[in-house]
Amino acid sequence: MTNAKSGPDARSDFEKTFDPAGAEQEIYDAWERAGAFRPSDAPGAEPFTIVIPPPNVTGSLHMGHALNNTLQDILARFERMRGKSVLWQPGCDHAGIATQMVVERQLMERQEPSRREMGREAFVRRVWEWKEESGGTITRQLRRLGASCDWSRERFTMDEGLSKAVARVFVQLYREGLIYRDKRLVNWDPKFQTAISDLEVENIETDGHFWHFRYPLADGATYEFPVEYDEDGKPTKWETRDYVSVATTRPETMLGDTGVAVHPDDDRYKDLVGRFVELPIVGRRIPIVADEHADPEQGSGAVKITPAHDFNDFEVGKRAGLPAINVMTDDARIALLDNGAFLDGLDPTPARRKVWEALDGKDRFEARKIVVAWFEENGLLDRVEEKKVVQPFGDRSGVVIEPYLTDQWYVDAKKLAEAAIAAVEQGKTRFVPENWTKTYYQWMHNIQPWCVSRQLWWGHQIPAWYGPDGHCFVAESEEEARRAAIARYTAEGYTLEEIDRMVRGEGEGPLLARDPDVLDTWFSSALWPFTTLGWPDAEREGHADHAVLKTRYPTSVLVTAFDIIFFWVARMMMMGLHFMKDVPFRDVYIHALVLDEQGRKMSKSKGNVIDPLALIDKYGADALRFTLAAQAAQGRNIRLAEARVEGYRNFATKLWNAARFCVMNECVAGPGFDPASATATLNKWIVHEANACVGEVSAAFETYRFNDAAGAIYRFTWNVFCDWYLELAKPALQGDDAAAKAETRQVAGWTLERILKLLHPFMPFVTEALWGKTARREGLLMLADWPLEFAELRAPEAAAEINWMIGLITAIRSLRAEMNIPAAARIPLEAASLDDAARARLAAHEGVVRRLARLSVVSLVDAPGQGAAQFVHDGAVFALPLAGVIDVAAEKARLEKEIAKAEEEIARVDKKLANRNFVERAPAAVVEEQKSRRADYAAQRDKLAAALDRLKAL
RNA sequence: GGGCGCAUAGCUCAGUGGAAGAGCGCCACCUUGACACGGUGGAGGCCGAUAGUUCGAUCCUAUCUGCGCCCA
């Protein structure tokens, strides 16, 4: 990285580039050592609190985390510098399925006993061991990003305190009737053999088939089915049928059919309602029922009903009183032979038994083939259609989800949603950008019961115990449950001895058996905004976190991506309102998704994942952070291109070198320096611009406009400070005027300090490094004061003057380039027809203009000399007298083009001004502006025309 | 089917009811004592289409076309 320089050098300890890899860790440690991540206890400091969206404990940092945590860190650092007492609360969730999966895989790889072999207690101990060893990956990675979380408060959803809170919540909701046990269809994941919630199912359209089966009518019945229609849709031809055709995308489920439904208005089947078909393979007599679920347009219009294996059919079955017969096992194999519910009422003829035996124990997809083959062989397969079908997949397991009839615990989400909807309607919580409120309402208004039980071992075990008679005791502890059980059974007439025997596990069995299931991970995540702050224990006065809980709930803002509005935001709203009687956060800032360059989601299978840590290694955390923030425009996804990261790394280097220049020139603001005291126009100008930038950046942060804030500080640093101020200041810094030099040093140092502060939330490492390198300073930049915008630092006249000069230099450079004047050549400049103000400006800045435009002399003339290249700047004519050097014809052409351009503008303005409606109805200021524009263009045109005349006179 | 969003320079994207912007890329020139991870200059756009509102539309409204995402 470093450029080799021979011999001692004043700059030897200030390398030409910042070395992020070498510096980041050290800087982060310095922050941590200084306790800079802990909330300030300054009296009167306003609390500012963010709870981190807890990453999955098995996870590692991906680009979504990088963006999410960069934005949180920016807010945290900004508010901290502004003097608020900032708590950024970190932690992980325990990720039930994912973690269990990781540990099981580990057991398998190491050829150790499986989960089931070692038993629940040993397995859970194993998971904890894994967590201690490998669970902290992502929090280490967040440190590399620069995240200023208060690690001393790190929490985990399986912590003792949080687990206690989960039990408390469960019990209270149960007692309030908001949690209940119910037997209904769930989304069953056959791979993990657990229920999952609707949200954990991904519906994906895949290529599938629609198999049309014939179900023979029972009792030898027949009917007339229309097969041809006239133009009006009236049937003209019928055929006699002794079967009903049904279509299915999942043939194996027919084994559990208990009915066939037709639409009540479907004339074709009117006479069949109330009759029966004989279910092939099975031999069950099942009724034909009328139900509006049957779609006359779809297939034949008749639909098989499998209440135990299809959500819609379950409802139809309930309406029609059809039984639900489960024909599958937990791992999605067909279960017939030992299946009492299936066998009930059937006649197991040898032919049937043979098919059942072939099917029994087969995987559902195997069974599907067997069923289809059977229908084909028996002439009952009408046809097979290729069809796009939407299939449900488990988001973790990737296997097809099976609707499955089981007992599960449910949260009455609909009831809890009421307060959560009202809170947003009343503006207690605000979504930014605002349009996400619609998504939130949409979900909340259509919310379904939330299945919270999972058939896993890793998680919060449900605090419910069952007595010998199956009675359920829900309690926060086993002791409490036992007391309740004893009370109940005593009242029922059991003797104490009998109960005692049961407690010891003798006699009929143990008194209480705990529900083996655990809760959905999101159940504990929903409590995160208050459990991490110490609830419920901290409600007690005198508890260490009592004040924390009281002052920091509701938290200030939640920063998250839209894809977990349903998973998490909505559920935190419900739980927070129910248990804390207030919303969990004031603002919800919803940020973008990070996509690849082509706008595709990053995924391992696509191989388009960009690893944030690799980018940090290559370009530094600052560059990655700035890239993400600069692109975090509201309501838009981020397409991440590495070139962009490289560009912002270059920006960091630019800043680094500007600071290096400042150090070399001893540019430091003294402790008592007052920027309002600057006298030089140049200095007043940069103070003015820096002050405006302070306002812009602060305002942008306050409204979560990260990209605007990034843009403002980027432009100011590079295009104002580096490109112009430092260049313009060089004569003063390297000249002999001691007073001017001193003031310029102070102002340059002061401005650099503004930049470091404004940039710090985006680029904490390089700015902190420079903070330490550019002046003797006490304390860390991270804890320095955020600058304020002051009206007295405004200097519009100075700004106008410097902008005039910048315009002049740019015009000269432009003309030089067009004239192909060698960059190194110093040439004279003539100025004609300057007014007094312009003359004064030119005189004041002649030195820098000569330097930056590479001029030899500047002279005032009445009229430009013969054969000069001429241009107009702010109403004055300037010329580069290059007789003999310039191509007269080309110069004429150039002037003509310029004139034409001016005239085009004049014509456009004239057209506007000629429109009476415009003059009468547009605001006066707008009309004035147009008039003044016209005057400017006209003056320019005239001057250019005169210049052209002079050239023609040659 | 319901909802949300996008279409602006070659690419990635800002932006505003009253003079089209950035980064990257491209072209030309420049190793000038902060910086070649740099400097200077430049080319490049009927702001998706149509209609409407307006004195005035890239911006507001409607329709259309194309493309995303979420939910059923």
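Just so you know, these numbers come straight off a predicted model, no measurement behind them. Here is the naming used below: chain letters follow the sequence lines, and residue numbers restart at 1 for every chain.
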Can you tell which of [options] lies closest to the side chain of [X]?
X	options	value
A/A823	B/C35, B/C37, B/C29	B/C29
A/R908	B/A20, B/C55, B/G42	B/A20
A/A817	B/G2, B/A34, B/G41	B/G41
A/E929	B/G41, B/A19, B/A34	B/A19
A/R921	B/G41, B/U32, B/C55	B/C55
A/F562	B/G2, B/C69, B/A34	B/C69
A/A658	B/C4, B/U32, B/A34	B/A34
A/Q442	B/A34, B/G3, B/G41	B/G3

Check your understanding: Any idea which heavy atoms bring A/A561 and A/I590 closest together, and the distance?
Key -> C-CG2, 4.1 Å

Point to revise | Non-hydrogen atoms of A/E727 and A/D723 that approach each other most closely | key: CG-O, 3.4 Å

Check your understanding: Could you write out RNA chain B as a dot-bracket string, with dots for unpaired bases, | for bases paired across to another strand, and Watson-Crick or G-U pairs counted at under 3.5 Å?
Key -> (((((((..((((....[..)))).(((((.......))))).....(((((..]....)))))))))))).

Using the [atom1] atom in both, what is the distance from [N] to [M], to the nearest Å?
N	M	atom1	answer
B/U8	B/U58	P	15 Å
B/A19	B/C59	C1'	15 Å
B/G44	B/C27	P	16 Å
B/A7	B/G48	P	8 Å
B/G38	B/C24	P	8 Å
B/U63	B/G56	P	23 Å
B/C60	B/C47	C1'	15 Å
B/A9	B/C30	C1'	26 Å

Contact class for [X] (heavy atom, under 4.0 Å): base, sugar-phosphate, or nothing?
X	answer
A/P923	base
A/Y937	base
A/Q448	nothing
A/C662	nothing
A/Q930	sugar-phosphate
A/D723	sugar-phosphate
A/K911	nothing

**Study point:** Polar side-chain contact A/K654-B/A36 base: donor and acceptor under 3.5 Å
**Key:** no

Check your understanding: With a 3.5 Å cut-off and just heavy-atom distances, do the side chain of A/K16 and the base of B/C35 make a donor-acceptor pair?
Key -> no

Check your understanding: Of A/P822 and A/N665, whose nearest nucleotide on RNA chain B comes first from the 5' end?
Key -> A/P822

Review point. Which comes earlier along RNA chain B counting from the 5' end, the contact point of A/N446 or that of A/R933, where each point is its nearest nucleotide?
Key: A/R933

Quick check, are the ring centers of [X] and [Y] under 6.0 angstrom apart?
X	Y	value
A/H845	A/W804	no
A/F716	A/Y725	no
A/F762	A/F701	yes

Atom-pair distance ([atom1] on [X]; [atom2] on [N]), nearest Å:
X	N	atom1	atom2	answer
A/R649	B/C35	CZ	C1'	13 Å
A/Q631	B/G15	CD	P	13 Å
A/H293	B/A72	NE2	C1'	14 Å
A/H445	B/C4	NE2	P	14 Å

Review point. About how many Å separate NZ of A/K943 and CG of A/L895, when rounded to the nearest 0.5 Å?
Key: 14.5 Å

Practice item. Enter the distance from A/W436:CH2 to A/T560:OG1 here, rounded to the nearest 0.5 Å. Key: 11.0 Å

Look at [X] and [N] and indicate whether a side-chain polar atom (N or O) is within less than 4.0 Å of OP1 or OP2.
X	N	answer
A/S814	B/G42	yes
A/K438	B/G2	no
A/R705	B/G15	yes

Would you mind checking if [Y] and [X] are paired as a salt bridge, meaning a charged N to carboxylate O distance below 4.0 Å?
X	Y	result
A/R649	A/D622	no
A/R894	A/E891	yes
A/E846	A/R850	yes

Point to revise | Greater than 12 external heavy atoms within 6.0 Å of A/D736's CG | key: no

Exercise for review: Starting at the 5' end of nucleotides 22-28 of chain B, put B wherever the base has a protein heavy atom under 4.0 Å, S where only the sugar-phosphate does, and a dash everywhere else.
Suggested key: -SS----

Check your understanding: Under the criterion salt bridge (charged side-chain N to carboxylate O under 4.0 Å, His left out), which of A/R908, A/R934, A/R941 is the partner of A/E903?
Key -> A/R941

